[in-house]
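Note that the structure is a prediction, hence the values are computed from the model and not measured. When a ligand or atom number is given, it counts from 1 through the structure's own listing order. Keep in mind that the numbers below use all heavy atoms, side chains included, and drop hydrogens, waters and symmetry copies.
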Amino acid sequence: MENTKKIVLVGFMGSGKTFLGEKLAKQLDVPFIDSDKEIEKKYKKSINQIFESEGEDAFRLKEQNFIKALKEQKSFVLATGGGMPCYSTNMDLLKNLGLTVYLRLSTTVLAKRLLKDNENRPLIIDNQLEQLQTFIKEKLVVREQFYNNAHIVLEEKDQTIDSLLKVIKNG
Ligand code: S3P
């Protein structure tokens with residue numbers, strides 16, 4: 001099936017899109033693409049610098065242009081930035097691009113992970129655990145309306161390469 005070679009991982013910051021995406025790409029023998037890294041490369045600025053110097057709206061526009069430019073690419077596993085599917089028509093664009101998989105995790109798990117890994121994430125930089133939990137909870141209320149439209153919603157227990165490969169084959 002065409003979609004088995006174009007996989008789009010969506011989910012909150014810290015949900016493991018890059019971690020699982022890299023492994024999955026290796027298994028499927030297709031290129032791995034990380035949207036944040038590609039945007040940083042293209043504009044020669046870190047995500048933090050883009051947020052600081054141009055603001056979030058400009059970043060979201062860059063994300064949308066990035067999705068549109070991927071249309072011609074034949075095969076890939078794409079790890080999207082956590083906010084990418086939640087702006088404008090991006091979720092529809094992503095769904096047209098390939099098989100979308102939402103890596104769903106609880107606020108508690110996400111907060112624990114993000115506490116240790118927030119340096120290049122301007123929206124949560126320097127947040128403490130309680131602040132993080134509040135931030136995640138509030139954002140998820142809005143963002144899950146988009147994430148849940150993914151072709152596949154994968155719960156924590158199924159977030160392994162074997163389960164991913166299985167659902168992709170059936171997807
Ligand atoms: C963002 C998530 C980040 C990055 C930017 C904004 C978000 O990507 O795109 O910091 O709005 O959730 P990751 O999900 O890869 O951390």
Side-chain angles (χ1 to χ4, degrees), residues 7-26 31-70 76-95 97-129 131-150 152-156 159 164:
I7 311 297
V8 179
L9 301 179
V10 303
F12 207 77
M13 290 177 266
S15 58
K17 293 161 290 182
T18 300
F19 178 76
L20 279 172
E22 277 177 340
K23 292 183 185 236
L24 186 63
K26 239 180 228 158
F32 171 70
I33 304 173
D34 181 310
S35 67
D36 286 339
K37 295 244 163 66
E38 293 303 313
I39 290 171
E40 288 184 327
K41 230 191 282 167
K42 177 164 180 191
Y43 298 97
K44 299 188 177 65
K45 281 182 184 178
S46 69
I47 301 294
N48 278 341
Q49 286 168 338
I50 297 174
F51 267 70
E52 257 170 41
S53 62
E54 302 176 46
E56 183 171 350
D57 287 351
F59 175 68
R60 299 304 173 193
L61 205 60
K62 290 181 185 356
E63 284 191 312
Q64 187 165 73
N65 289 336
F66 164 82
I67 304 173
K68 289 178 178 164
L70 261 188
F76 54 80
V77 173
L78 168 65
T80 57
M84 180 187 273
C86 315
Y87 284 80
S88 175
T89 54
N90 286 359
M91 192 62 194
D92 290 332
L93 294 175
L94 291 171
K95 286 179 78 172
L97 206 58
L99 186 75
T100 47
V101 181
Y102 170 31
L103 304 176
R104 192 168 189 278
L105 284 173
S106 67
T107 298
T108 313
V109 173
L110 289 171
K112 267 193 206 147
R113 285 192 191 177
L114 289 173
L115 195 60
K116 290 185 231 141
D117 189 13
N118 60 15
E119 265 158 41
N120 196 26
R121 290 179 162 128
L123 294 176
I124 54 165
I125 212 158
D126 293 336
N127 274 197
Q128 299 306 307
L129 187 62
Q131 268 172 300
L132 263 176
Q133 279 170 332
T134 308
F135 173 84
I136 295 167
K137 245 185 235 160
E138 287 175 3
K139 283 277 182 205
L140 274 181
V141 170
V142 179
R143 289 189 173 185
E144 281 218 308
Q145 297 175 37
F146 296 88
Y147 295 153
N148 281 330
N149 284 326
I152 294 164
V153 177
L154 212 60
E155 300 296 340
E156 185 177 4
Q159 290 171 16
L164 251 176

Take Glu38 and Lys41 through the salt bridge (Lys or Arg N to Asp or Glu O under 4.0 Å) test and state the conclusion after the steps. CA-CA 5 Å; Glu38 293 303 313; Lys41 230 191 282 167; 3.4 Å; yes

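For the pair Lys42 and Phe66, the cation does not sit on the ring face, since its NZ or CZ is not both under 6.0 Å from the ring centre and inside 45° of the axis.
Between Asn127 and Leu114 there is no side-chain heavy-atom pair separated by less than 4.5 Å.
Using modelled atom types and a 3.5 Å distance limit, the side chains of Tyr102 and Glu144 yield a donor-acceptor pair.
Note: Phe12 and Tyr147 have perpendicular aromatic rings, judged against thresholds of 30 and 60 degrees for the angle between ring planes.
Contact record, Leu123 with Arg60: CD1-NH2, 4.0 Å, taken as the closest heavy-atom pair.
Closer than 4.0 angstrom to ligand 1 by heavy atom are Met13, Lys17, Asp36, Ile47, Phe59, Arg60, Glu63, Gly81, Gly82, Gly83, Arg121, Pro122, Leu123, Arg143, sorted by chain and number.
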